[in-house]
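To keep things clear, I will list the structure first and then write my remarks on it.
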Amino acid sequence: MLQIEHLTIQLGSRLVLSDISLELRGGEILALIGPNGAGKSTLVRAAAGELRPRAGHVRVGGVEMHALPIEQRARRVAVVPQAVHLPELFTAFEVVLMGRTPYLGWLAREGPADQTLARHAMQRTGTLELAARCVGELSGGERQRVLIARALAQSAPILLLDEPTTHLDLKYQLSILDLLRDLAHGDGLAVLLVLHDLNLAAQYADRVALLSQGRLEAIGSVQQVLTSERLSPAYGLPIQVLPHPLHGRPFAIALLRHA
């Protein structure tokens, strides 16, 4: 669905991404990992068509993303950003209904079909019971689910999420990742998500892409990418990778250097 070819992004005088090529397929979760400053969030923004490449291409269905009007981009790709300010007096339902904006004409109001799609998105994300509550009353995990529901209401086939589990406790982390796996494997969405936790990436991703210093160091299955030989130089510290005793997937352990 999403094709990124030889992508180079420059912000000001700084080269943030260099010669990135990857594709995102329908029905899969591709986890984007790497140390801070590797360019993960920039890649998400570029994939959404928000940034004009210095070189290379970002295409959805063969169409160049950055050249499209914003409403056309939003019909193809839905984004759950890392940090977003939500109007605290809006109800959760009103926030989710914002996902229908790309389909509305100038000064048009949401109709019954839009409201039905918004309710379905909330039902899918387990947030329908929050519909009448103000956003300011919601917990971090509840807000994150509302943001995902808003993205689903866009009816876009591609879902991009920048660190959707940050600042959430383990229960909400697993709940959101379970939901994303259902959306990919059950509903056929193409899901790209940035994750800091290597072991969550190992558990939930179908494929993993490792970024370091703006370059794509590796992309492939969790077994191919999550290895000591790849992770240790990328993160700048020794990382041991063992098979998990329950599911056999890679389990990464950072080894602290003692004085």
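- Counting only N and O atoms by type, the side chains of His66 and Arg52 include a donor and acceptor under 3.5 Å apart.
- There is a side-chain donor-acceptor pair under 3.5 Å between Asp206 and His185.
- Just one of Asn199, Asp178, Asp197 meets the side-chain hydrogen bond (donor to acceptor under 3.5 Å, both in side chains) condition when paired with Tyr204; it is Asp178.
- Remark: side-chain polar atoms of Thr8 are not paired, donor with acceptor, to backbone N or O of Ala55 under 3.5 angstrom.
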Query raised in the report: side-chain hydrogen bond (donor to acceptor under 3.5 Å, both in side chains) between Gln72 and Arg76: does it pass, once the steps are laid out?
Result: CA-CA 7 Å; Gln72 292 294 327; Arg76 290 165 170 80; 3.2 Å; yes
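- Nearest heavy atoms, Gly34 versus Leu210: CA-CD1, 4.1 Å.
- The CG atom of Leu226 sits 9.5 Å away from the CZ atom of Arg249 when rounded to the nearest 0.5 Å.
- Here the shortest heavy-atom pairing between Ala202 and Pro250 reads CB-O, 3.2 Å.
- Atom CD1 of Ile70 sits in a sparse spot, with 12 or fewer heavy atoms from other residues, nucleotides or ligands closer than 6.0 Å.
- A 6.0 Å sphere centred on CG of Leu89 holds no more than 12 heavy atoms belonging to other residues, nucleotides or ligands.
- Within 6.0 Å of atom CD in Gln82, more than 12 heavy atoms from other residues, nucleotides or ligands are found, so the atom counts as buried in its surroundings.
- Scanning both residues, Gly214 and Ile20, for their nearest heavy atoms gives O-CD1, 3.6 Å.
- Look at Glu94 and Arg150 and you find no salt bridge, because none of the NZ, NE, NH1 or NH2 atoms lies under 4.0 Å from a carboxylate O.
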Requested in this report: Let me see the working for Arg124 and Asp187 under salt bridge (charged side-chain N to carboxylate O under 4.0 Å, His left out), right down to the final yes or no.
Outcome: CA-CA 11 Å; Arg124 192 74 181 82; Asp187 295 11; 3.1 Å; yes
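- Within 6.0 Å of CZ in Phe90 there are 12 or fewer heavy atoms belonging to other residues, nucleotides or ligands.
- Ion pairing of Arg207 with Glu28 is present here, as a side-chain N (NZ or NE/NH1/NH2) and a carboxylate O approach within less than 4.0 Å.
- Side-chain contact check for His57 and Gln3: no donor-acceptor pair (N or O, by modelled atom type) lies under 3.5 Å.
- Taking a cutoff of 4.0 Å between a charged side-chain nitrogen and a carboxylate oxygen, Glu23 and Arg25 qualify as a salt bridge.
- What you find for Pro35 and Ala234 is that their closest heavy atoms are CG-O, 3.3 Å.
- Looking at Pro87 and Met98, their side chains come closer than 4.5 Å, going by heavy atoms from C-beta outward.
- Residues Glu110 and Arg100 are not paired through a salt bridge, judged by the lack of any N-O separation under 4.0 Å between the basic side chain and the carboxylate.
- In this model, no donor atom of one side chain and acceptor atom of the other lie less than 3.5 Å apart for His247 and Gln203.
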